[in-house]
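Values below: every heavy atom of this structure, side chains too, minus hydrogens, waters and symmetry copies.
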Amino acid sequence: MGFFTVRKFIELNKVSAEFKAKKYTVSVFPHKELSQDEADTILPYEPDSSKSIRKTVSVTDICNQFIHSYHLIPFGGNGVLIGFFVNSTYQSRHGIYLITLFDIVEIYRLCGENPV
């Protein structure tokens, strides 16, 4: 609901131009082909972080990944949430984003602080 609301504010021009233009750098883990044995047990993305790429994306793109999520997987360890692996149905053919909780909180905060 949070990202749907952020996108709606962007579409209705209820946030500043600075916020609309804001970009975030996310890690993208590329899609990979799986064998028949792997297909039912693991996600079809490269798990090796050294093979991930950094990509700059807009706030609207991040909103769309959550709103149209195909995969939405919490990421963290030892009881600490670090972020989410997320992708839309369309993006799922290309890769999966890792978006940190810090970026998510900042998007919500900036959206609330930057009304037009």
Side-chain angles (χ1 to χ4, degrees):
M1 288 302 296
F3 281 110
F4 180 79
T5 303
V6 171
R7 189 180 76 177
K8 189 56 109 176
F9 284 171
I10 291 169
E11 291 170 351
L12 295 173
N13 293 316
K14 298 294 183 184
V15 293
S16 69
E18 288 176 26
F19 178 72
K20 285 189 223 179
K22 183 104 172 102
K23 304 280 187 190
Y24 288 87
T25 302
V26 299
S27 293
V28 180
F29 293 80
H31 187 270
K32 71 174 192 169
E33 295 301 320
L34 298 177
S35 69
Q36 286 291 358
D37 294 336
E38 296 174 311
D40 293 332
T41 59
I42 62 173
L43 290 172
Y45 304 103
E46 182 58 59
D48 185 352
S49 62
S50 69
K51 295 184 180 174
S52 70
I53 58 170
R54 302 292 283 166
K55 181 177 179 181
T56 302
V57 295
S58 68
V59 173
T60 300
D61 187 33
I62 292 171
C63 290
N64 288 336
Q65 298 310 306
F66 280 90
I67 292 166
H68 303 288
S69 59
Y70 184 75
H71 291 110
L72 179 58
I73 305 160
F75 172 71
N78 298 324
V80 177
L81 180 64
I82 295 171
F84 291 91
F85 286 105
V86 63
N87 59 13
S88 65
T89 304
Y90 172 78
Q91 179 63 31
S92 70
R93 293 177 240 143
H94 306 286
I96 193 164
Y97 292 176
L98 174 58
I99 302 173
T100 69
L101 196 55
F102 293 112
D103 288 342
I104 293 168
V105 169
E106 181 178 85
I107 289 168
Y108 291 159
R109 183 180 58 78
L110 290 175
C111 182
E113 290 177 351
N114 286 286
V116 171

Trainee: What do the steps show when you test I96 against V28 for side-chain contact (heavy atoms from CB on, under 4.5 Å), and what is the final call?
Mentor: CA-CA 5 Å; I96 193 164; V28 180; over 6 Å; no
Trainee: Determine the minimum heavy-atom distance between F66 and I104, stating which atoms define it.
Mentor: CZ-CD1, 3.9 Å
Trainee: Using side-chain heavy atoms (C-beta onward) and a distance below 4.5 Å, is V15 in contact with K20?
Mentor: yes
Trainee: Tell me, please, which residues at least two apart from S58 pass side chain to side chain contact (heavy atoms under 4.5 Å, CB included).
Mentor: K23, T60, D61
Trainee: side-chain hydrogen bond (donor to acceptor under 3.5 Å, both in side chains) with K8: which residues, sequence neighbours excluded?
Mentor: none
Trainee: Indicate yes or no: at least one non-hydrogen side-chain atom of E113 is less than 4.5 angstrom from one of F19.
Mentor: no
Trainee: Measure the shortest side-chain to side-chain distance between I62 and V59 over non-hydrogen atoms and say whether it is less than 4.5 angstrom.
Mentor: no
Trainee: Quick check: closest heavy atoms across S92 and Y70, and the distance to 0.1 Å?
Mentor: CB-CD2, 3.6 Å
Trainee: Can you list the residues that meet the ring pair (Phe, Tyr, Trp, His ring centres under 6.0 Å) rule with Y108, with sequence neighbours excluded?
Mentor: F3
Trainee: Donor-acceptor pairs under 3.5 Å, side chain of residues 73-91 to any protein atom, not counting sequence neighbours: which ones?
Mentor:
residue : atom : partner : partner atom : Å
N87     : OD1  : H71     : N            : 3.2
N87     : OD1  : H71     : ND1          : 3.3
N87     : ND2  : Y45     : OH           : 2.9
N87     : ND2  : G95     : O            : 3.0
S88     : OG   : Q65     : OE1          : 3.4
S88     : OG   : Q91     : N            : 3.1

Trainee: Once side chain to side chain contact (heavy atoms under 4.5 Å, CB included) is applied, do any residues pair with S27, and if so which ones, sequence neighbours excluded?
Mentor: F29, S52, R54, L98
Trainee: Identify whether L72 and Y97 are in the same connected component of the hydrophobic contact network (ILVMFWY, side-chain heavy atoms under 4.5 Å).
Mentor: yes
Trainee: Residues two or more places apart in sequence or in another chain: which of them pass side chain to side chain contact (heavy atoms under 4.5 Å, CB included) with E106?
Mentor: K22, Y24, R109, L110
